[in-house]
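Note that the coordinates shown come from a computational prediction; the quantities given were computed from them, not determined experimentally.
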Protein chains: 2
Amino acid sequence: MRIDTIETRAPTAPVSSTEDDVLRQIEQAVLDHRLPPGTKLKEVQLAEVFGVKRGTIRKVLTRLANSRLVVQLPNRGASVASPSVEEGRDLFAARRAIESAIIEILVRRNDPALMGQLRTLLENEQKAYQLGDHKLALPLSVDFHRQLAKLAGNSVLEEFLNDIIRRTPLVILSHLGSDSENACRNHEHEGIVDAIAAGDFNKASLIMNEHLLHIENQISDKTEEHQSDLAALLLSN
Amino acid sequence: MRIDTIETRAPTAPVSSTEDDVLRQIEQAVLDHRLPPGTKLKEVQLAEVFGVKRGTIRKVLTRLANSRLVVQLPNRGASVASPSVEEGRDLFAARRAIESAIIEILVRRNDPALMGQLRTLLENEQKAYQLGDHKLALPLSVDFHRQLAKLAGNSVLEEFLNDIIRRTPLVILSHLGSDSENACRNHEHEGIVDAIAAGDFNKASLIMNEHLLHIENQISDKTEEHQSDLAALLLSN
DNA sequence: TGATATATTATTGTTAACAATATTTAACTC
DNA sequence: GAGTTAAATATTGTTAACAATAATATATCA
C-alpha cells in the first residue's frame with residue numbers, strides 16, 4: 001500500500017491544509033482501509049502528500065495515537081493500529097455500559113422538547129433508508145447514538161462514547177478486512193425512543209443492549225469463520 | 001503563585017528529567033494545589049525549573065491538556081484548568097456507570113483467585129487505617145477502585161476510570177480550595193467485595209453507588225455552603 | 001488625569017538544520 | 001548460499017534560531 005494513494009487529487013499540486021484537515025483526511029483513509037492496519041506512516045512522505053511541514057504531521061500522528069487509531073513506537077515511528085479482538089470486545093462492553101447510562105439520564109429527564117428532537121433524528125434516518133441511500137444511512141445511524149449522548153447532557157459520557165465510536169470501525173476492519181454493513185437497524189432505534197418516551201428505562205436499555213450485541217455478534221461470527229478457516233489450513237498440512 | 005515554587009530542591013541546580021518525570025511533577029503540583037486552577041504555565045519558565053528544553057515542556061503541556069488538567073489556547077499558551085461544577089457532576093455520574101459495569105463483570109466472572117486478590121487489597125487498606133496513616137490510606141483507597149477495574153480485565157473501562165480518577169482531584173480543588181478528606185470509607189469497600197463474592201450484583205452495585213454518591217455529596221454540600229456564603233454577601237450589599 | 005495610539009518586551013509558534021537511531025544494502029567469511 | 005559484519009541510507013528525534021502574536025510599557029493628546 002503506497003501512502004500517496006490517500007490523496008485523491010493529483011499529487012503534483014499538494015493542497016496546503018491545516019492540522020485538523022490533515023488529521024481528518026488520514027483518519028478517513030484509515031477508516032476506509034485505504035491505509036490498512038499495520039501500514040507504516042512515514043513523516044516526510046505524509047508531509048509531501050499533504051503539502052505541510054513535518055512538524056504538522058508529527059502533531060497529527062500523536063493525536064491519532066491518543067485516539068488509538070495509530071501506534072507510535074520510540075525511534076520507530078507510527079503505523080496504523082491493529083487492535084486485538086479483546087480490544088473489540090472491551091470496546092463494545094464499555095459501549096453498552098455507557099449507552100445504558102445515557103438512556104437512564106434521558107428517561108429520568110423526561111423532557112418533551114427533547115423527545116421531539118429524538119423523533120426528528122429518527123425521521124431523517126428513516127427517509128435515508130426508504131430511499132435506499134446506504135451511503136447516507138450509515139452516518140445517520142451512527143449520529144443517532146452520538147445525539148443521544150449529546151442530549152443527555154453529560155459531557156464526560158459524550159466524550160467517552162465518541163472515543164469508542166471513533167475506534168470501532170478500525171477494530172472491525174482489523175478482523176474482517178472490510179467494514180461491511182454494520183449500520184444500525186432503524187426499527188431498533190425507534191423502539192429505544194419509544195421506550196424512553198414511555199419512561200421505561202429497563203425496556204430502552206434492553207433494546208439498546210440487544211441492538212449493540214447484534215452489531216457485535218455480526219462481527220464475532222465472521223471472526224470465528226476466519227478462525228475456522230485458519231484451523232482448516234493448519235490441518236491440511 | 002510563582003511557578004518556581006513547584007521545585008522542591010534548590011533551583012540553582014536544575015535536575016535533568018525525562019518527559020514523563022516532568023509530566024508527573026507538574027501533575028502532582030496541580031493536584032497538590034501548589035499550582036492552583038488558572039495559573040499560567042509559561043514554557044521558558046517551566047523549562048528552566050526542570051532543566052529541560054522548551055520542546056519537552058511543550059509536549060508535556062499538550063499531554064496534560066489531553067487529560068483536561070490543563071487548558072491550551074492558541075497563541076496564549078497553557079494554564080491550569082478550572083473545571084466547572086457541571087463537569088464535576090458529569091465526572092461522578094460517568095464514574096458510577098463505569099464502576100457499575102466493572103462490578104457486573106467481576107460478579108459474572110465469579111473467580112475465586114480473583115476474590116483472594118481483592119481481599120488482599122482490603123487488608124492493606126485496613127492496616128493503613130488502623131495505623132491512622134492517612135497519607136498512605138488515601139492512595140490505597142483510590143487504588144482499590146483502580147485494581148477493581150484492572151481485575152475486571154476490560155482495558156477500555158480501565159482507561160476511562162483512570163481518566164476520571166486523574167481529573168477528579170482538580171474538580172474538587174476548583175470548588176473547595178482544598179482536596180479535603182475525600183478518602184473512601186473502608187467498610188464500604190469491604191461491603192462491595194463481600195457482595196461480589198456472594199454473586200450479588202445488585203447489592204455490590206448499590207453499595208458502590210452510595211459510596212460514590214457519598215464522596216460526591218461531601219463536595220456538593222461544601223459547594224452549596226460556598227454558594228450561600230456568596231448569596232449572603234450579595235444580600236448584605 | 002484618562003483615553004488612545006505606538007513602541008517595547010515577553011511569549012508562543014514554526015522551521016530548517018543537525019543529531020541519533022533504525023533499516024537497508026553491500027561486502028566478506030565460511 | 002547462509003550467516004555476519006560494516007558501510008550507506010532512510011527515518012525519527014532534538015534543537016536553536018527565527019517569525020508571529022500577545023501583553024506590557026511608554027508616549028501623545030484632549
Side-chain angles (χ1 to χ4, degrees), chain A residues 1-7 11 14-23 25-26 29-30 35-82, chain B residues 1-7 11 14-23 25-26 29-30 35-82:
Chain A
M1 161 69 54
R2 281 166 53 209
I3 288 186
D4 41 333
T5 59
I6 66 182
E7 176 58 272
V15 176
S16 172
S17 330
T18 168
E19 188 179 315
D20 288 330
D21 282 338
V22 174
L23 181 85
Q25 292 191 58
I26 295 181
V30 168
L35 293 177
T39 307
K40 193 79 201 303
L41 300 172
K42 296 182 189 175
E43 298 177 357
V44 286
Q45 205 174 353
L46 288 169
E48 283 166 10
V49 167
F50 292 109
V52 297
K53 302 296 175 192
R54 193 155 68 92
T56 308
I57 297 297
R58 220 146 215 285
K59 282 192 260 177
V60 166
L61 290 176
T62 32
R63 283 172 67 184
L64 287 168
N66 280 336
S67 52
R68 314 279 170 169
L69 258 43
V70 152
V71 171
Q72 280 179 316
L73 291 171
N75 291 319
R76 310 185 62 165
S79 24
V80 178
S82 319
Chain B
M1 160 71 53
R2 283 166 50 209
I3 288 186
D4 40 335
T5 59
I6 65 180
E7 175 59 272
V15 177
S16 171
S17 330
T18 167
E19 187 178 315
D20 288 330
D21 282 338
V22 174
L23 181 85
Q25 291 191 60
I26 296 181
V30 169
L35 293 177
T39 307
K40 193 80 201 302
L41 300 172
K42 297 181 187 173
E43 297 176 357
V44 286
Q45 204 173 354
L46 287 170
E48 282 165 10
V49 168
F50 292 108
V52 297
K53 302 295 175 193
R54 194 155 69 94
T56 308
I57 297 296
R58 220 144 215 285
K59 281 191 261 176
V60 166
L61 289 176
T62 34
R63 282 172 67 184
L64 287 168
N66 279 337
S67 51
R68 313 280 170 166
L69 259 43
V70 152
V71 171
Q72 281 179 314
L73 291 172
N75 290 319
R76 311 188 62 166
S79 23
V80 178
S82 320

Could you pull out all residues at least two apart from A:A81 that satisfy side-chain contact (heavy atoms from CB on, under 4.5 Å)? A:V71, A:P83, A:L170

Sequence neighbours left out, what passes salt bridge (Lys or Arg N to Asp or Glu O under 4.0 Å) with A:R76? Give chain and number order. none

B:R68: which residues meet the salt bridge (Lys or Arg N to Asp or Glu O under 4.0 Å) condition with it, sequence neighbours left out? A:E159

For A:N75, give me all partners under side-chain hydrogen bond (donor to acceptor under 3.5 Å, both in side chains), at least two apart in sequence or on another chain. none

Rounding to an integer number of Å, can you tell me how far A:Q45 CD sits from D:dT11 P? 7 Å

Which residue is it: B:I57, B:V30, B:V60, B:L61? I am looking for the one with a side-chain contact (heavy atoms from CB on, under 4.5 Å) to B:L41. B:L61

Protein proximity profile, nucleotides 12-18 of chain D - base contact B, sugar-phosphate-only contact S, no contact -, cut-off 4.0 Å on heavy atoms: BBBSS--

